[in-house]
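Counting convention: from 1, in listed order, for ligands and their atoms alike. Sequence positions, counted from 1, serve as the residue numbers for this chain. Everything quoted here is computed from the prediction, not taken from an experiment.
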Amino acid sequence: MAKWARPLLLGSAALLAAPCGAAPTPPAFVATRHRIDMDGYSFKLDGKRVYIWSGEFHPYRLPSPDLWRDILQKMKAAGFNATSIYFSWGYHSPAQGVYDFTGVRDMDRLLDIAAEEGVYVIARPGPYINAEVDSGGFPLWLTRHAVRNRSDDPAYLTLADEWMAKIDAIIARHQYSDGRGSVIAYQVENEYYRGDQPSARAYMEHLKAQATAHGITVPFIGNHDANFVSGTGALKVDGWDYYPQGFDCSHPDVWKPVPDMAIKRVPDQPLITPEFQGGAFDPWGGPGYPKCATLINDRFASVFYKQNIAAGATLQNFYMVYGGTSWGWQAIPQNYTSYDYGAAITEGRQFDAKYAEDKRIGYFTQAVAPLTMTVGARSARLDNKAVVDIARRNPETDTQFHYLRHADSTTNAVDNVHLDLSIAGRRYKRVPQAPDTAITLNGRQGKILLAGYALGPTTLVYSTSELMTHASIAGREVALVYGDAGQPGETVLRAATRPTVEVLDGTVAQDWSDGDLRLNYTHGGIARVRVSGAGFTRPLLLLIADKDAAATFWRRDTAAGAVLVRGTHLLRGAVLAGGTLDLSGDTGSDGSFEVFADAGTIRWNGVAIHGRTTPSGSIAATLPIAQPVRLPALAWQMHEEAPEIEFGFDDSGWTRADRTVTASITKPEALPVLFADDYGFHTGNIWYRGHFQANGATGITLKAISGGKAGAVSAWLNGQFLGSIKGETLEKTFAFPAGAVKAGGDNVLSVLTVNMGHEEDYDDGSENRTARGLTFATLSGGTGPIMWRLQGVRGGEALVDTVRGPMNNGGLFGERSGWSLPGFPDRGWQPVSLPASATKPGVTWYRSTARLALPKGQDSSIALDITDDAARPYRATLFVNGWQMGNYVSQLGPQHRFPIPTGILNSNGANTIAIAVWNTEAGGGLGRVSLVDLGSYRSSLRVAMVPSPGYKAGR
Ligand code: IPT
């Protein structure tokens, strides 16, 4: 049975909840076709409106399929009902006509997991994706095709169609519309702003026609800023990408103001943001991702994401919610390996402060149905000019949404405000009503005040606390509201007769007048109020939390009703059936745990919990917590490399540089063409050896392109070091040392280059075809030609290591000889202690075996740290069990920490760490290298090792 035919329950009410990391056993297959449509308000699934709260995730940046489940569970737990996924053409295709969808490239498996976890998918297969990935997602072999990228050039379309046919077939197997998965939308191309050009429209139309022919039935959407709303190439909805803070994280406390999305509305289309800023990328030598996380922090989410809600957006996708790792040579020249992005879930799979804010807002969008159909409404009158109210209203229910923020959205000022509200025919001239209280807005804070809302058995007249979620659970309505600790709150409920109010916990004052029950309190911890009485069809349990306490709640919707959990590090799944509730998730150092559910038996990670019933009608218990993690110190061995430097090295098997034409947009200054891509070497280090006769040569001028400012070249003549060039512009004339040239016969130049990634093609100028490697070489003093050969990754485009794929390796001798792989016989290598000393220019390898015995049943995230003296000039390429997990440039940084995905790293066994160091000059090194624990939790997550080949002699 094909995987995608696995039974899935994808009802419109609740998607299937997987119980834990292991594959869930789904109930009977319901191959129900679903209707997906939309109008000027929102997407509708089977006619039911849905707020799409979505997080961007790139599977090619996390090479461990079981961790895809981890990320999607973490998203789901934060209220994300959807994920937006780029599929990267180049990740799957090492050569024209060759495609791989196995192992870490198994996109059927990814889409199965999304469906199992109940997460809708917005599929974004390109063919161009940008995404700060090499060539913007184009395959590296496309550098050999002089086509007009991203256009209706038939030669380009033929190549693009090859990919589209493959990826569309996979996406088509997982469409919600067909009852076979959770894909609800398909984005055509990426940020393509050429709506004014007929040929661009023809291109879009072509991609749509192809997708349709390949079986795509879900709506076509775009992030082309409304370039394709009608006419040829029109999409069902074409939305807006927004990065209001830009990408310079160096001044993370300086904010640019909030944009007004409302003016972007296209008639009859829902307002959507296929990409809204969820972080930022960081360049080589940049300030580092913690700064990006500060720039795009929880306060940013509070002001900007709520502003989008107030503008009427009903699909918000955040780019990124999990960034991950541009492992191998996937990064673009501008960026280093980490693609942490300062996102809500860090590269090492930990929660950033923004995660809690995404969750508070996300839960609100999922719980409050009237939000999916709103129109702009008149703002309330306020008594403080520093604050504005942007209001919306549901025309059917008359529910009001008042978004309060500072008029100057960037201010750090704290302000108090009162509102004049009219709700259901009654006027509240001064909200909050209680004397000596106000709504306080901290600097850079937005609040959505909800009014006139049907809250289960009652009507919420208004609350100055924000509503996070509510649900009918075990015969009562449980509602969770929150505000800043220490700030006052006021919640008013409507009742026909005076209800009974029991304050179960905390201090809450009540006032009854004219059908309004007014509750006043100060946020702090969790106050609990039970409201019941004649006017109530069922009691209301109001949980009034401060912001942090609110974030300790998790909600899941099961086929048998909602479940609310307080405590634990993470709730991954909940299955409620026959009165038994199976919860799965993670605990850290805090075992406190409380469950609100209609269940007789509660199990946590498969073990029955014997808790006590609380006055709130919940079950409280203490869960087992995580065990400490001990990591071994690493012992190292080293081996000198780079025989290519030596005069006598046999390069006769290397590729001869003999081409006279190139597909590159870089014009060769001389022939033959030296550009590495033209010879099928597209990644990492590329060696050149040039032979010439003495002829009086006194030096050599070399030009090379690595891409970006982390470039480098080193050169030797007949084994003698000439020097290195570093940086963006790689151009230098090296004088030959006295006596270095052999008077008669052959002389050999050995030149080591590196490709730091191909350019993206954002402006569709075929920038991916900018040359890489050596671009020009000429002898000074001499006249003779140089005969060049070059060498890159083993096999070139005829990839040898198909498991680790087309971006994993370059052409270092050690890589070509298996030194990066587990099982390579390194017994003869020389023991060494780090930091390394007495290094000479060239390449040296270091290997270590890390035997890990981490606590079983725990999810530990481990990283490799390099501690260094920044003055030591060297570059390092890091391999863990043969997988290239990082590129390091000591003087540039800023990355010193390299998270290794579990599954690549074996938590319970031996791990081979191999580091290739390129000393661009003497006095380079390798700093201290150690393993660090980024977070370890007792967890239901189970991660299998990713099968990958080790060293084989004589391969
Ligand atoms: C937007 C791209 O669509 C996306 O792929 C990624 O590159 C993102 O930028 C930045 O991380 S393009 C937008 C900046 C105009």
Side-chain angles (χ1 to χ4, degrees), residues 54-61 83-91 122-138 149-150 185-195 204 207 221-228 235 238-249 256 259 261 264 272-284 286-287 289 291-293 295-296 300 304 308 315-326 330-345 347 354 708 757-765 767-768:
S54 171
E56 182 82 15
F57 167 57
H58 299 157
Y60 51 89
R61 286 191 159 113
T83 183
S84 163
I85 292 176
Y86 273 145
F87 299 91
S88 180
W89 180 5
Y91 191 64
I122 299 166
R124 310 205 298 163
Y128 181 75
I129 60 171
N130 210 62
E132 290 76 66
V133 71
D134 187 308
S135 296
F138 280 148
N149 291 346
R150 309 183 69 192
Y186 177 106
Q187 182 183 299
V188 188
E189 247 281 348
N190 190 77
E191 295 219 317
Y192 194 59
Y193 303 138
R194 308 255 181 234
M204 286 299 273
L207 293 176
I221 70 165
N223 64 342
H224 317 300
D225 294 6
N227 265 262
F228 295 94
L235 304 167
D238 190 3
W240 303 83
D241 285 358
Y242 261 99
Y243 293 83
Q245 302 304 345
F247 301 98
D248 180 0
C249 304
K256 298 187 184 83
M261 285 281 305
K264 307 292 190 183
I272 70 169
T273 56
E275 290 178 32
F276 196 86
Q277 187 153 25
F281 54 75
D282 194 44
W284 282 105
Y289 281 113
K291 289 262 166 60
C292 300
L295 179 67
I296 308 302
F300 175 86
F304 286 73
N308 293 344
L315 181 160
Q316 294 197 59
N317 176 57
F318 303 105
Y319 189 107
M320 303 293 302
V321 165
Y322 175 76
T325 309
S326 303
Q330 285 193 90
I332 51 169
Q334 293 75 21
N335 292 174
Y336 48 94
T337 305
S338 175
Y339 198 70
D340 177 274
Y341 217 82
I345 306 172
E347 182 187 14
K354 187 161 54 264
H758 300 86
E759 306 297 331
E760 293 172 298
D761 199 17
Y762 186 74
D763 296 317
D764 56 333
E767 298 287 321
N768 63 315

Using a strict 4.0 Å cut-off to heavy atoms of [X], name the atoms of ligand 1 that fall inside it.
| X | result |
| --- | --- |
| F247 | 10 (C), 14 (C) |
| N190 | 2 (C), 3 (O), 5 (O) |
| F281 | 10 (C), 11 (O) |
| Y762 | 12 (S), 15 (C) |

Please report which non-hydrogen protein atom sits nearest to [atom], along with the residue it belongs to and the distance in Å to one decimal place.
| atom | value |
| --- | --- |
| atom 15 (C) of ligand 1 | E191 OE1, 2.9 Å |
| atom 8 (C) of ligand 1 | Y243 OH, 3.4 Å |
| atom 1 (C) of ligand 1 | E275 OE1, 3.2 Å |

Checklist entry - Do M261 and Y242 come within less than 4.5 Å of each other through their side chains, counting heavy atoms only? => result yes
Next on the checklist: Measuring only between side-chain heavy atoms, which start at C-beta, is I332 closer than 4.5 Å to H758?
Outcome noted: no
Next on the checklist: Distance check, rounded to the nearest 0.5 Å: H58 atom NE2 versus I85 atom CD1?
Outcome noted: 9.0 Å
Checklist outcome for this item: Value for CH2 (W240) from CG (N308), rounded to nearest 0.5 Å, stands at 13.0 Å
Quick check: [X] and ligand 1, any N/O pair under 3.5 Å apart?
| X | answer |
| --- | --- |
| A131 | yes |
| Y341 | yes |
| E760 | no |
| E132 | yes |
| I129 | yes |

Next on the checklist: If the contact criterion is a heavy-atom separation under 4.0 Å, does Y339 count as touching ligand 1?
Outcome noted: yes
Next on the checklist: Keeping Y322 on the side-chain end and E347 on the backbone end, is there a donor-acceptor pair under 3.5 Å?
Outcome noted: yes
Checklist entry - Would you find a donor on one side and an acceptor on the other, under 3.5 Å apart, between the side chain of N768 and the backbone of E759? => result no
Item to check | Results of side chain to side chain donor-acceptor pair (under 3.5 Å) for Y339 - residues two or more places apart only | outcome: E132, Y319
Item to check | Test side chain to side chain donor-acceptor pair (under 3.5 Å) applied to R124 - qualifying residues, sequence neighbours left out | outcome: E56, S84, Y86, Q187, E275
Next on the checklist: Is the contact between Y242 and ligand 1 made by the side chain, the backbone, both, or neither, using heavy atoms and a 4.0 Å cut-off?
Outcome noted: neither
Next on the checklist: Within the 3.5 Å criterion, strictly below it, is a donor on N317 or S54 matched to an acceptor on the partner's side chain?
Outcome noted: yes
